[in-house]
K.L.:
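Take a look at the following structure, please.
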There are 2 protein chains.
Amino acid sequence: MDIREGKEKFIESWGKMASDWGINRTMAQVHALLLIAPEAICSDQVMEDLNISRGNANMNLRALMDWGLVHKQLKAGERKEYFYAEKDMWIVIRQIILQRKRKELEPMLKVLDEVAAVEASCPESESFTKVVRDIQVFSHKANQTLDALVKADSNWFTSVFLRMVK
Amino acid sequence: MDIREGKEKFIESWGKMASDWGINRTMAQVHALLLIAPEAICSDQVMEDLNISRGNANMNLRALMDWGLVHKQLKAGERKEYFYAEKDMWIVIRQIILQRKRKELEPMLKVLDEVAAVEASCPESESFTKVVRDIQVFSHKANQTLDALVKADSNWFTSVFLRMVK
DNA sequence: TTTTGTTTTCAAAAATAATTGAAAGCAGTG
DNA sequence: CACTGCTTTCAATTATTTTTGAAAACAAAA
């Protein structure tokens, strides 16, 4: 496999994985492209490399900046904007966890708290309350774990990882 | 909030969370319905409670069985099939991790291994190889961690959780 | 101010995913 | 065998998501 083929495969695969996990495929492909780029690139480059429209490129670059995974770079004397991705994988993962925790886990927790408060009056509702409370406990644990992860640095993660697999 | 409202909210919310994570919303709603059901229910019940067609109910019940989250129950003297969900949250989570690991993480690992083997011949390709290898290391660690998680029992998880948040 | 190079927006179109429902399949029963 | 009650399938429809591209907005330069 040569380098061009490798890049293509990586971009395609990163996009596939993202869409499996409910993230826009093209957004992930733009991310992949920037991750492996040796330096910042402009939107025309993104459009050309991925064969997407200007609007699409713009939207996804914006979204990636919102996620805190990509940053803008202005070159002196140039009007065009350039973009580069955060390449420290630990920071990337942290950022993704942080965003998804906020957007998806926490709203669910809120609902669970509300719903778990329902009085298990009749025996028919006991099953409901039981399951909901189990999920509630579990989710709160997961949330706390992610909080710890997000606060921690890369070495801490590695040490926890080692303890886990041991 | 009364019990009926609570159930509705839980089912809706479980479906929403699932679709955020790339899982069919209706499949998750069927799952939610079975999770909180005090006993096994038949497909007509599912159709009625969720307002979905026979075909849809059937497909999603089958998918849930493929995931190992729902099981069939045959009642003596009855031709109809009944379904019930695994309610032990630890088993549920494990099953979900196992499936998604297989279907989504492992294929990605395979690609990473292939792609990371690309020779960093020119300086332009160095950036590529560097990033890919970082992701590769990270992903393999994540995979190992999930393996450990899947093999472990619930108490083990709690103890690791406690160590992590400490 | 006007021109120029660029980014942003968003309604419409295209692509993709989910759902329906009717027909076919299947297995017990009479 | 034919009937009955139920499950499964899948082509067609419907819903949802993504993408396009042209127009508008913007801002630096002339």
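Just so it is clear: chains get the letters A, B, ... in the order the sequence lines come, proteins before strands, and each one is counted from 1.
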K.L.:
In whole angstrom, give the distance that lies between atom CD of E81(B) and atom C1' of dC26(C).
P.N.:
11 Å

K.L.:
In whole angstrom, give the distance that lies between atom NZ of K75(A) and atom C1' of dG5(C).
P.N.:
17 Å

K.L.:
Would you check, one step at a time, whether the test side chain to side chain contact (heavy atoms under 4.5 Å, CB included) holds for I41(A) with L33(A)?
P.N.:
CA-CA 9 Å; I41(A) 63 186; L33(A) 182 66; 3.9 Å; yes

K.L.:
Starting from C1' on dT7(D), measure out to CG on L64(B) and report it in whole angstrom.
P.N.:
17 Å

K.L.:
Please give, in whole Å, the distance from dG5(C) P to M47(A) CE?
P.N.:
16 Å

K.L.:
How long is the line joining CG of L74(A) and C1' of dT6(C), in whole Å?
P.N.:
12 Å

K.L.:
Take nucleotides 10-29 of chain D nucleotide by nucleotide from the 5' end and write B, S or -, depending on whether a protein heavy atom sits under 4.0 Å from the base, only from the sugar-phosphate, or from neither.
P.N.:
--------SBBB-----BB-

K.L.:
What is the separation between atom CD on Q45(A) and atom C1' on dT7(C), rounded to the nearest whole Å?
P.N.:
17 Å

K.L.:
Classify the ring geometry between F128(B) and F10(A) as parallel (under 30°), tilted (30 to 60°) or perpendicular (over 60°).
P.N.:
perpendicular

K.L.:
Going through the distances and angles, do D20(A) and K16(A) end up as a salt bridge (charged side-chain N to carboxylate O under 4.0 Å, His left out)?
P.N.:
CA-CA 6 Å; D20(A) 284 342; K16(A) 171 64 169 58; 3.0 Å; yes

K.L.:
If I take atom CG in residue D44(A) and atom P in nucleotide dT8(C), what distance separates them, rounded to the nearest angstrom?
P.N.:
13 Å

K.L.:
Please tell me which of the listed nucleotides, dT7(C), dT8(D), dC6(D), lies nearest to the side chain of K80(B)?
P.N.:
dC6(D)

K.L.:
Would you find more than 12 non-hydrogen atoms of other residues, nucleotides or ligands less than 6.0 Å from K101(A) atom NZ?
P.N.:
yes

K.L.:
Could you state the CG-P distance from D20(A) to dT16(C), rounded to the nearest angstrom?
P.N.:
15 Å

K.L.:
For dT7(C), take OP1 and OP2 only and decide whether either is under 4.0 Å from a side-chain N or O of S43(A).
P.N.:
yes

K.L.:
For N58(B) and dT8(D), is the shortest distance between a side-chain N/O and OP1 or OP2 below 4.0 Å?
P.N.:
yes

K.L.:
Might you confirm whether atom CD of E106(A) has over 12 heavy atoms from other residues, nucleotides or ligands at distances under 6.0 Å?
P.N.:
yes

K.L.:
To the nearest 0.5 Å, tell me how far E104(A) CD sits from W21(B) CH2.
P.N.:
5.5 Å

K.L.:
Whether the side chain of R25(B) engages the backbone of G15(B) through a donor-acceptor N/O pair (distance < 3.5 Å, no angle test) should be reported.
P.N.:
no

